[in-house]
Student: 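The structure is given below, and queries will be raised subsequently.
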Amino acid sequence: MNEMKTALPLIEMKGGTEKPKFIEPKMVVIPEGDFLMGSVGGAPNETPIHRVWVNAFAIAKYPVTNREYKLFMHMTGHPPPRFWGNPKFQEDYQPVVGPSWYDAVAYCEWLRDLTCKGYRLPSEGEREKAARGGLQGCEYPWGDELPHDHLGGRNAPHFLIGTDGPNGYGLYNTSEGVHEWCADWYDAAYYNISPTRNPKGPKYGNRRVARGGSWRHRIRFARCAARSSLAPDKQFSDFGFRCALTID
C-alpha cells in the first residue's frame, strides 16, 4: 500500500481576509495491473467475468464527508444537497449524502482547480479494482462471508467513515455506507464489449454507474462486483462519492 502525502489544511489570505480552510483528501495509490472484473454468482449485469488492465491511479481512503463538503459549499456558493441539515445525516464524519452526479463532478473540479492535480470521479473499473484490495476472486473486500451484523434497514444510517475496512489497499467503506458515483455511463450489457485496458464505459447513456453498499438496503454490504446506477440528476439519501486522482 502506498499512501500519498496530502496537503495540510490551508488558509489563504488576500487583503487581510481569511478564507475557509481547504482539506485535501487522503489518497492511496493503487498500482497498475490487471484483475478479474465481474462475477458469475451475482446479477446478469456482472457478466461475463473479464480480465481488465487498469493503469496506476490514486483514490481517497474515505468517501467525501459532510465536513469536507461544507467547505466546498462555503468557498464556492454551491447549493447544498437535498438532505443537507437532516439530523440523520449531519455528523461531520458521516459521508455526505444526496449529491447528484453533477454535484460530485463539481466537487472534483473544485479540488482540481485548487490543487492543479487531476482530481475526478473513479471509473467503474478503477472502483472495482480498488474495492477488491488486491484479493482475487473474492465476493467482498475481506473474503466471501458476510459479517454477522450485515443487516441494514430504512431507518437512520449508523455509520461514520472508517467503520468498514481497511481492505488490502488501506481503503475504508468500499462495501458499506453509501453508493458512490463513478464517472461512467451505465450499460447493463457493457461487459460484453468492454475494452481490456482502462475501460471508461459507453459513450452515452441515461444513468451513471455507482458502486458500494447502502445503509438503506436490507443487506447493507455490497459485493465487490455489484453494479448499481442512477440518473445523474437524482439525489438519494444513500448516494455519495469519493475522489480519484490521475497519476501522470
Side-chain angles (χ1 to χ4, degrees), residues 39 41-46 59-70 73 79-105 107 121-122 124 127-128 130-132 139-142 144-167 171-186 188 205-243:
S39 170
N45 67 356
E46 300 166 23
I59 193 166
K61 290 181 70 171
Y62 310 104
V64 173
T65 65
N66 288 325
R67 178 171 177 253
E68 293 168 308
Y69 204 83
K70 186 185 301 181
M73 293 190 302
R82 177 181 173 188
F83 303 94
W84 192 260
N86 186 316
K88 293 181 181 181
F89 313 113
Q90 68 180 3
E91 297 291 335
D92 278 352
Y93 289 96
Q94 281 180 308
V96 62
V97 299
S100 70
W101 183 87
Y102 298 110
D103 293 330
V105 169
Y107 183 95
L121 292 178
E124 185 176 22
R127 181 57 173 73
E128 182 168 330
R132 291 185 177 280
E139 294 285 346
Y140 301 96
W142 56 82
D144 291 320
E145 301 298 326
L146 279 167
H148 66 87
D149 62 342
H150 61 275
L151 295 181
R154 293 185 175 272
N155 297 315
H158 299 290
F159 64 89
L160 301 173
I161 61 168
T163 54
D164 167 32
N167 71 1
L171 305 176
Y172 291 81
N173 297 99
T174 58
S175 70
E176 180 261 351
V178 291
H179 297 302
E180 297 175 11
W181 289 112
C182 295
D184 314 35
W185 287 112
Y186 172 76
N206 297 314
R207 300 165 73 93
R208 293 286 183 174
V209 172
R211 289 300 190 105
S214 164
W215 66 269
R216 295 199 311 161
H217 289 191
R218 188 180 70 84
I219 297 177
R220 69 177 191 270
F221 293 90
R223 294 173 296 102
C224 294
R227 308 175 72 200
S228 57
S229 65
L230 193 66
D233 62 333
K234 298 297 184 182
Q235 295 179 302
F236 283 9
S237 63
D238 58 345
F239 267 68
F241 67 101
R242 79 176 69 207
C243 300

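Since the model is a prediction, treat every value here as computed from it, not as a measurement.
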Student: Identify the two heavy atoms, one from Arg207 and one from Pro232, that lie closest to each other, and give their separation to 0.1 Å.
Tutor: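 So the minimum-distance heavy-atom pair works out to CA-CD, 4.3 Å.
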Student: Contact between Val64 and Cys243 at the side-chain level, heavy atoms closer than 4.5 Å - yes or no?
Tutor: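 Side-chain contact under 4.5 Å: yes.
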Student: Using 0.5 Å steps for rounding, measure from the CD atom of Glu180 to the OG1 atom of Thr174.
Tutor: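 Going from CD on Glu180 over to OG1 on Thr174, the span is 8.0 Å.
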Student: A quick test of your reading: do over 12 heavy atoms of other residues, nucleotides or ligands sit less than 6.0 Å from CG of Asn206?
Tutor: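 Counting other residues, nucleotides and ligands, CG of Asn206 stays at 12 neighbours or fewer.
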Student: What's the separation between atom CG in Leu230 and atom CH2 in Trp101, rounded to the nearest 0.5 Å?
Tutor: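 Rounded to the nearest 0.5 Å, the CG-CH2 separation comes to 12.5 Å.
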Student: To the nearest 0.5 Å, tell me how far Ser100 OG sits from Arg82 CZ.
Tutor: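 These two atoms lie 12.0 Å from each other.
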Student: Who are the salt bridge (Lys or Arg N to Asp or Glu O under 4.0 Å) partners of Asp184, not counting sequence neighbours?
Tutor: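 If we apply the salt bridge (Lys or Arg N to Asp or Glu O under 4.0 Å) test to Asp184, skipping adjacent residues, there are no hits.
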Student: Tell me, with the steps shown, if Arg242 and Ile59 meet side-chain contact (heavy atoms from CB on, under 4.5 Å).
Tutor: CA-CA 8 Å; Arg242 79 176 69 207; Ile59 193 166; 3.7 Å; yes
Student: With side chains defined as the heavy atoms from C-beta onward, is the minimum distance between Pro147 and Arg220 less than 4.5 Å?
Tutor: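 Side chain of Pro147 against side chain of Arg220, heavy atoms only: no contact under 4.5 Å found.
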Student: Over all heavy atoms of both residues, which pair between Ser175 and Asp164 is shortest? Give the atoms and the distance, please.
Tutor: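 Answer, listing the atom of Ser175 first, then Asp164: OG-OD2, 2.8 Å.
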Student: Only one of Glu128, Glu176, Glu46 passes salt bridge (Lys or Arg N to Asp or Glu O under 4.0 Å) with Arg211; say which it is.
Tutor: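 For Arg211, the salt bridge (Lys or Arg N to Asp or Glu O under 4.0 Å) check succeeds only for Glu128.
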Student: Find out whether the Lys NZ or Arg CZ of Arg208 is both under 6.0 angstrom from the six-membered ring centre of Trp185 and within 45° of the ring's axis.
Tutor: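 Output yes; distance and angle both within limits.
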Student: State the CE-CG distance between Met73 and Asp103, to the nearest 0.5 angstrom.
Tutor: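 Between Met73 CE and Asp103 CG, I get 10.0 Å after rounding to 0.5 Å.
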Student: With sequence neighbours left out, what residues match Asp144 under salt bridge (Lys or Arg N to Asp or Glu O under 4.0 Å)?
Tutor: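 Residues passing salt bridge (Lys or Arg N to Asp or Glu O under 4.0 Å) with Asp144: none at all.
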Student: For residues Phe241 and Tyr107, establish whether the separation of their ring centroids is below 6.0 Å.
Tutor: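 Under 6.0 Å, so yes.
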Student: Can you give me the closest heavy-atom contact between Val97 and Phe83, atom names plus distance?
Tutor: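 Reported closest heavy-atom pair: CG2-CB, 4.2 Å.
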Student: Can you give me the closest heavy-atom contact between Arg127 and Asn173, atom names plus distance?
Tutor: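 Looking at all heavy atoms of both residues, the shortest contact is NH2-O, 4.3 Å.
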Student: Does some side-chain heavy atom of Tyr140 sit less than 4.5 Å from a side-chain heavy atom of Asn167?
Tutor: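 The answer is no; the side chains never approach within 4.5 Å.
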Student: Scan Tyr69, Trp84, Trp215 and name whichever one has a ring-ring contact (aromatic ring centres under 6.0 Å, His included) with Phe89.
Tutor: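 The option that passes is Trp215.
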Student: To the closest 0.5 Å, what do you measure between CG (Leu146) and CZ (Phe221)?
Tutor: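 It is 7.5 Å, given to the nearest 0.5 Å.
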Student: So, taking the atom named CG in Leu171 and the one named NZ in Lys61, what distance separates them when rounded to the nearest 0.5 Å?
Tutor: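 Going from the CG atom of Leu171 to the NZ atom of Lys61 covers 8.5 Å.
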Student: Could you go through the side-chain contact (heavy atoms from CB on, under 4.5 Å) check for His179 and His217 one step at a time?
Tutor: CA-CA 11 Å; His179 297 302; His217 289 191; 3.4 Å; yes
Student: So Ser214 and Phe236, do their side chains get closer than 4.5 Å, heavy atoms only?
Tutor: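 Sidechains of Ser214 and Phe236: no contact.
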Student: Which atoms form the tightest heavy-atom contact between Trp181 and Pro122, and what is the distance?
Tutor: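 Shortest heavy-atom contact: O-CD, 4.2 Å.
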Student: Listing request: all salt bridge (charged side-chain N to carboxylate O under 4.0 Å, His left out) pairs with a residue in residues 225-236, at least two apart in sequence or in separate chains.
Tutor: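 Matches after skipping sequence neighbours: Glu124-Arg227.
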Student: Work out which heavy atom in Asn66 is nearest to a heavy atom in Pro95; give both atom names and the distance.
Tutor: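 Heavy atoms of Asn66 and Pro95 come nearest at OD1-O, 4.1 Å.
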Student: Do Lys70 and Asp92 make a side-chain contact, defined as non-hydrogen atoms from C-beta onward lying under 4.5 Å apart?
Tutor: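 Heavy-atom side-chain distance check passes, below 4.5 Å.
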